[in-house]
Structures are given as C-alpha cells and as structure tokens.
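Numbered from 1 within each chain, the chains take letters A, B, ... in sequence-line order.
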Amino acid sequence: MRDASDGPSGDLLAWYDVHARVLPWRTGPEERRAGVRPDPYRVWLSEIMLQQTTVAAVRAYFRAFTERWPTVQALAEAEDDAVMAEWAGLGYYARARNLLKCARVVAREHGGDFPDTVEGLRALPGIGPYTAAAVAAIAFDRPAVVVDGNVERVMARLHGVETPLPAAKKELTALAAALTPQERPGDHAQAVMDLGATICTPRNPACGLCPWRAPCVARAAGIAAELPRKSPKKPKPVRLGIAYVARRADGAWLMERRPDRGLLGGMTGWPTSDWSEAPSDDPPMDADWRDTGEEVRHTFTHFHLRLRILVAEVPEGSVPDRGAFVASVRPSDLPTLMRKVFDLARSAVPPR
DNA sequence: GATCCGTGGCT
DNA sequence: TAGCCAAGGAT
C-alpha cells in the first residue's frame, strides 16, 4: 500500500513543502496543514488566466480582477465591456468571454458555488480537461489527474518518452495518473507544476536540484533538455491590413467593437480593413484619409500582421458608416495591437 | 487530429 | 533576429 509519504510522490511533496512558490492565488502547504481551504473562485480565476500565459503576466490582472470583483457573484453581475476592458492585454480573449459566461452559470445555476467534481467543472464554459482537473485537485483536494505542459515535460523526461507531442499526450497522461497520490492531491498537482516551472524547465533543466533526479530516465541518458520532442510547426504567413484612425474636431475618436467570434473577438479597437495578402481599402466613413507612412508589426499565434495606419480629421456632426465616436480612449482598455496603432496614430494627428 | 486564438520574455 | 515558449479550450 503506497501513500503520499513514500515513493516518488512522497519525494516530490517533501520538496514542495520546502520549495513551493508563494503565489497570490495559492494556499501554501503550511496553510493547508493549518486547515485553510482554498477559495474556489480564486483558484478558478487564476487557472483561466494562466492558460498559455506566464505567472509574471498574470499577477497584475489577478490582483485587478479580485479587487474589482471579489466573488463569483460580483463577477457575474459585471458588464461585458468592463470585463473585456479589464482583460485587455492578456490575450486569448475567448477566455474572458467564457469567464463571464461561466461566472453567470455558477451564480445562477449553482447558487454561487463551483461544482466540486471534475465532471461538474468540465461542463462549464472555458473549462477543459486541464482546468477541470486542476480546480478539482487544488480547490477541492480531489485526486484528479492534472496534465498541463509542465506535467507533460516532467513525465516525458522522468520516463524517457521520446514520442513527439501531441501524439504522446495519451501516454503521458497515463504516466501522470500512475503518480497521482490519494493523499494531498492538490499539493501534488501544484508540486509537479512548480517542478516544471523552476527545475525541470524547457531549457537548461537544473537536474542537480531535482527531487526526481535518481529515477529520471532522460537525465541518465543525457537527453533531458531534448524532451519532450515536438512535431515541427508550420511557418507563419504574413498578412497585410489597414487601420483607420479618425479624430473628430471635438477630440472624439472613431472606434469599433469587434464581433464576438474570431480574432480579438468582443474587443474594442480601430476600424480596419480585412487582413489578408491583398487587403481591400474599406474605410469606416467618407473622409480625407491620409497615409501616415507608419506601419504596425504584430505577431499573432499563426500569422504575422503588418498594419498600415491611415488617419483623418473629421468635423463635428460626422456620421460613420460603421463604429461609433467615443469621447476618450484608454489605451489600457485595448488589446495590444490596437495600443500600438494608437501610439503611432496619435502622433500623426496631434491635438489642436 | 488540425486549426484557430495573444502576448511578452528569453535565447 | 526569429523562433520558442508559458498552468489550454473550442470547433
């Protein structure tokens, strides 16, 4: 009979008890021992923010969200635009749209309490296999099998799995399942991720400091840094586009809310042409558009974008074909691409 | 399984 | 510099 106090899981938990990172959303090992239960709302919020996103980037957003909306009920009652603006800059904006959907389902259909099982969590918007397992383990101490990029990397090295991702996913999940203890599963999940983030890093892993250096197959073979192998990625094509920045005589700016689906969905930004190999000139209103000669370069997940910037100064009473004039622009409410556009455009149309 | 979906830091 | 990488999910 194995429990958390012996075997590789026990070695990892002993390491975690000493080396656990202190994070704003985390209930540390000492706190847990003292009987402190994590707040499922904060665990869930942090997990959504941390999807494909670094701890460093998340910190400020987590603080802002929890100060403004301390509970899931408060978040559920927020305006859509307020949440999107608060999320601006963090990326993957479908997360923010699903965040709000999820909060409203939890508030309305679950009385403000998150489900405490993997299946219940998995049914909520924006919660997939990883997040369901992570919240179940961390917030409710259920022995769920948590598999993220860290776990995949650690398992691939520990067991010397040379099959490339994503084909190796199933095998790595099975290996992670075999190591998941019945005792302290929440701490175990966080321990593997901390190990991956601080010791078993993608490049230059610090194998000498690793609690699993003895059983690690990849280390023995001298190929730790080469694992996990990954299938080759497709090259990113270059797309072109035009951004139209119009300032009205009273200082208002013409902006447009993007459709809920697709790139930067639900975010406010400058009207643009389509983004393609040969974009068509499609200004949002009739005006004397002037080419600034400036170009924004921005790389998305699957393509590079070069956006020419056209500006126009238009009289009061102007009626746009699409979008609406807003009295003031807060760059912090905009996705990064649109901030870049504003930075260049505002110097091309200085205030009178 | 493949594709779409952001951003900033690091090498 | 250009590519790689980070606590993935939806379709």
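On a pure distance criterion of 3.5 Å, a polar donor-acceptor pair joins the side chain of A:T53 and the base of B:dG6. A:T301 contributes a side-chain N or O that forms a donor-acceptor pair with the base of B:dG6 under 3.5 Å. Taking only distance into account, the side chain of A:Y130 never meets the base of C:dG8 through a donor-acceptor pair shorter than 3.5 Å. Taking 3.5 Å as the limit, the base of C:dA7 and the side chain of A:R59 contain no donor-acceptor pair of atoms between them.
Here A:R153 reaches the OP1 or OP2 of C:dA6: one of its side-chain N or O atoms lies under 4.0 Å away. Here A:T131 does not reach the OP1 or OP2 of C:dG8: none of its side-chain N or O atoms lies under 4.0 Å away. OP1 or OP2 of B:dC5 sits under 4.0 Å from a side-chain N or O of A:H302. A close approach under 4.0 Å does not occur between any side-chain nitrogen or oxygen of A:H298 and OP1 or OP2 of B:dG6. The phosphate of B:dT7 (OP1 or OP2) has a side-chain N or O of A:Y93 nearer than 4.0 angstrom. In terms of phosphate contacts, A:R258 brings no side-chain nitrogen or oxygen within less than 4.0 Å of OP1 or OP2 of B:dG6.
C:dG8 atom P lies 13 Å from atom CG of A:L90, rounded to whole Å. The distance from atom CZ of A:F303 to atom P of B:dG6 is 9 Å, rounded to the nearest whole Å. Distance A:I127 CD1 to C:dA7 P: 19 Å, rounded to the nearest Å. Nucleotide B:dT7 holds its P atom 13 Å from the NZ atom of A:K236, rounded to whole Å. The separation between A:R26 atom CZ and C:dA7 atom C1' is 10 Å, rounded to whole Å. The interatomic distance linking A:L337 (CG) with B:dG8 (C1') rounds to 15 Å, in whole Å. Atoms CG (A:L121) and P (C:dG9) sit 12 Å apart, rounded to a whole Å. Remark: P of C:dG9 and CD1 of A:I48 are 7 Å apart, rounded to the nearest angstrom.
Here the options are A:L310, A:V329, A:I242, the test is side chain to side chain contact (heavy atoms under 4.5 Å, CB included), and the partner is A:W270; only A:V329 passes. Among A:F65, A:Y92, A:Y61, the one residue that satisfies the ring-ring contact (aromatic ring centres under 6.0 Å, His included) test with A:W87 is A:F65.
Among the atoms of the strands shown, only primed sugar atoms or phosphate atoms (P, OP1, OP2) are found under 4.0 Å from some heavy atom of A:G89. When heavy atoms are screened at a 4.0 angstrom cut-off, A:R21 is found touching base atoms of the nucleic acid. As judged by a 4.0 angstrom heavy-atom cut-off over every strand, A:W25 is placed among the base-contacting residues. Across all strands shown, A:L23 has heavy atoms under 4.0 Å from base atoms, whether or not it also approaches the sugar-phosphate. Within the nucleic acid shown, A:K233 comes within 4.0 Å of sugar-phosphate atoms alone, with no base atom in reach, counting heavy atoms only. In this structure, A:K170 reaches neither bases nor backbone, as no heavy-atom distance under 4.0 Å exists between it and the strands shown.
Side-chain polar atoms of A:R26 and A:Q190 form a donor-acceptor pair below 3.5 angstrom. Side-chain atoms of A:Y130 and A:E47 form a donor-acceptor pair, as typed in the model, at a separation below 3.5 Å.
Position along DNA chain C of the nearest nucleotide to A:V55 versus A:R203 favours A:R203 as the more 5'-ward residue. Of the two residues contacting DNA chain C, namely A:N98 and A:E47, the nearest-nucleotide position lying further toward the 5' end is that of A:E47. Annotation: of the two residues near DNA chain B, A:R339 and A:R239, the 5′-most nearest-nucleotide partner is A:R239.
Checking C:dA10, C:dA6, B:dG6 against every side-chain atom of A:K230, the shortest atom distance belongs to C:dA6. Distance from the side chain of A:T336 is smallest for B:dG8 among the nucleotides C:dG8, B:dG6, B:dG8. Set against C:dG8, C:dG3, C:dA7, the side chain of A:Q52 has C:dG8 as its closest nucleotide. Nearest nucleotide to the side chain of A:F300, out of B:dT7, C:dA7, C:dG9: B:dT7. Here the nucleotide nearest the side chain of A:R261, chosen from C:dT11, B:dG6, C:dG3, is C:dT11.
Going from the P atom of C:dG9 to that of B:dG9 covers 25 Å, rounded to whole Å. Only the P atoms considered, B:dC4 is 24 Å distant from C:dA7, to the nearest whole Å.
Residues A:I138 and A:L45 share a hydrophobic cluster, clusters being chains of Ile/Leu/Val/Met/Phe/Trp/Tyr side chains in contact below 4.5 Å. A:V118 and A:V147 are members of different hydrophobic clusters when ILVMFWY side chains are connected at heavy-atom separations under 4.5 Å.
A distance of 6.0 Å or more separates the ring centres of A:H302 and A:F300.
Residue A:F325 comes nearest to A:S318 through the heavy atom pair CE1-O, 3.9 Å, listed as atom of the first residue, atom of the second, then distance.
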